[in-house]
Amino acid sequence: MSERKKLQLSDTKLSYRLIEVPNSKTDGCCLMLHGAGVAGELTYGPMLEYLTHWRWVLIPDLNGMGESFYHGPSEGPLTIESLSGDIQSLLADLNWYEFDIIGYSLGGLVALYLNAQLSTGHRPSHKLALMEPASLERECVETLAEVRQRYRLASQTIRETGDVELGIAHFMEGVSPNRRKHPVAEATTQSRLAHRPLGFSYALDAVTDWVEKVSTNVSLRDDLLNAAGQVYLLSGELSHELLRQHYDVLAARSEGWQHTSLSGCDHSLPFQKPRQIAKHLESWFL
């Protein structure tokens, strides 16, 4: 793994790794964005040995997660706009303009928002692969807003009671109610998400706040979807049926979209089958 670097922004110290892949098949670049509460390296590290398409891979930690922090002494509220803005600043600092994007959960929503921002004017959209991206869990935005209130319960439990374990349990019941509750897997997920619990809680709220805006103005989500020309959606077969149905609708509606559901997986799919996911990604980005 490459050396960790830091970028000083106006109110954030953004941590990232820029990895050169030996014997890559192309000279291309890929940005990888992780989910709420879990750092980029922990999310994508197990996949990297199987990914040989790109020469350069950029894995940042979103603010409030991993090793990225506010300059202030404590965690603070986050927004999808601010998280995207941080990544845009990093891309500008590195002079990255042409690249693919992989996003997981929260990182999937940030990827969609970032792509829409970068695609303004006459610049082409980026090719995306999204693993259960936040805000696309349901086709009906009113139902989606109701679902997200479970995540609000999780974040409030963490911040208001200090019971991190219970807050994470609320989150897991909301995001993967049909998961196979193996004790070791449950403990591993708890451990991953408890590393920066306040940052995790604010990341959950960032998505919930965005979804609440979408529930009163669905064009906000439609604009992101319309800006994304080529998208590969990955879901777990144990995830909610309405989530998978929405992905099928999106894939059928847009020529450049595809959907694959992985057997034996729930929302934790990048941690469950990294090698299989890497194989699908390599095929998609050819």
Side-chain angles (χ1 to χ4, degrees), residues 35-38 64 77-84 103-113 116 130-161 163-181 186 189 193 197-226 228 231 233-253 257 259 261 265-269:
V38 182
L78 301 164
T79 67
I80 300 305
E81 293 85 352
S82 70
L83 294 171
S84 174
Y104 165 57
S105 194
L106 164 69
L109 174 54
V110 174
L112 284 167
Y113 190 89
L130 306 176
M131 296 175 280
E132 298 213 352
S135 81
L136 299 188
E137 303 99 304
R138 303 291 188 273
E139 182 176 9
C140 172
V141 293
E142 290 82 6
T143 303
L144 176 62
E146 292 175 4
V147 169
R148 289 302 312 186
Q149 289 309 308
R150 302 173 194 169
Y151 302 84
R152 186 77 81 189
L153 173 62
S155 62
Q156 289 176 342
T157 299
I158 291 172
R159 289 201 302 273
E160 296 175 6
T161 73
D163 193 334
V164 175
E165 184 175 349
L166 179 59
I168 293 174
H170 286 320
F171 165 74
M172 292 168 66
E173 284 303 309
V175 77
S176 297
N178 301 321
R179 69 192 184 281
R180 295 168 179 164
K181 299 179 182 179
E186 293 286 285
T189 302
L193 296 174
L198 292 179
F200 171 55
S201 72
Y202 284 122
L204 292 181
D205 281 349
V207 178
T208 301
D209 292 342
W210 168 260
V211 167
E212 287 180 352
K213 289 190 291 185
V214 168
S215 69
T216 60
N217 184 6
V218 69
S219 66
L220 293 173
R221 188 173 72 171
D222 290 342
D223 289 344
L224 301 191
L225 300 180
N226 292 335
V231 180
L233 293 167
L234 283 159
S235 67
E237 282 192 355
L238 298 177
S239 293
H240 200 287
E241 182 181 2
L242 292 179
L243 177 150
R244 291 180 282 110
Q245 286 179 0
H246 187 208
Y247 292 1
D248 286 337
V249 168
L250 291 170
R253 188 177 69 190
W257 289 55
H259 172 217
S261 194
C265 291
D266 53 44
H267 187 70
S268 296
L269 65 165

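Values below: all heavy atoms of this structure, side chains included; hydrogens, waters and symmetry mates excluded. Because the structure is predicted, anything quoted here is derived from the model rather than measured.
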Distance-minimising heavy-atom pair for [X] and [Y]:
X	Y	value
Gly236	Leu269	N-CD1, 4.3 Å
Ala116	Leu224	CB-CD2, 3.7 Å
Leu204	Ala36	CD2-CB, 4.2 Å
Ser105	Gly35	CB-CA, 4.1 Å
Leu234	Tyr247	O-CE2, 4.1 Å
Pro77	Tyr202	CA-CD2, 3.5 Å

Residues Glu132, Ser235; criterion side chain to side chain contact (heavy atoms under 4.5 Å, CB included); working and verdict: CA-CA 5 Å; Glu132 298 213 352; Ser235 67; 3.8 Å; yes

Do the non-hydrogen side-chain atoms of [X] and [Y] ever get within less than 4.5 Å of each other?
X	Y	value
His246	Leu242	no
Leu109	Leu83	no
Val175	Ser268	no
Gln149	Glu212	yes
Arg150	Leu153	no
Leu243	Leu136	no
Val211	Ser135	yes
Val38	Leu193	yes

Is the side chain of [X] donor-acceptor paired with the backbone N or O of [Y] at a distance under 3.5 Å, no angle test?
X	Y	answer
Glu139	Gln245	no
Ser82	Leu78	no
Ser84	Glu81	no
Asn226	Asp222	yes

Reported [atom1]-to-[atom2] distance for the pair [X] and [Y], which is rounded to 0.5 angstrom:
X	Y	atom1	atom2	result
Leu220	Tyr113	CG	OH	9.0 Å
Asn178	His267	CG	NE2	13.5 Å
Glu137	Thr143	CD	OG1	11.5 Å
Phe171	Arg152	CZ	CZ	14.5 Å
Asp209	Ile80	CG	CD1	8.5 Å
Leu198	Ser155	CG	OG	11.0 Å

Met172/Lys181 under side chain to side chain contact (heavy atoms under 4.5 Å, CB included): CA gap, chis, key distance, verdict: CA-CA 10 Å; Met172 292 168 66; Lys181 299 179 182 179; over 6 Å; no

Chi angles and distances behind the salt bridge (charged side-chain N to carboxylate O under 4.0 Å, His left out) call for Arg179, Glu173: CA-CA 9 Å; Arg179 69 192 184 281; Glu173 284 303 309; 3.0 Å; yes

Verdict with reasoning, Phe200 to Val164, per side chain to side chain contact (heavy atoms under 4.5 Å, CB included): CA-CA 10 Å; Phe200 171 55; Val164 175; over 6 Å; no

Check against side chain to side chain contact (heavy atoms under 4.5 Å, CB included), Val141 and Thr216: CA-CA 8 Å; Val141 293; Thr216 60; over 6 Å; no

Side-chain donor-acceptor contact under 3.5 Å, Ser201 with Arg159: yes

Tyr151 six-ring face occupied by Arg148 cation (under 6.0 Å, within 45°):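 Satisfied, under 6.0 Å and within 45°.
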
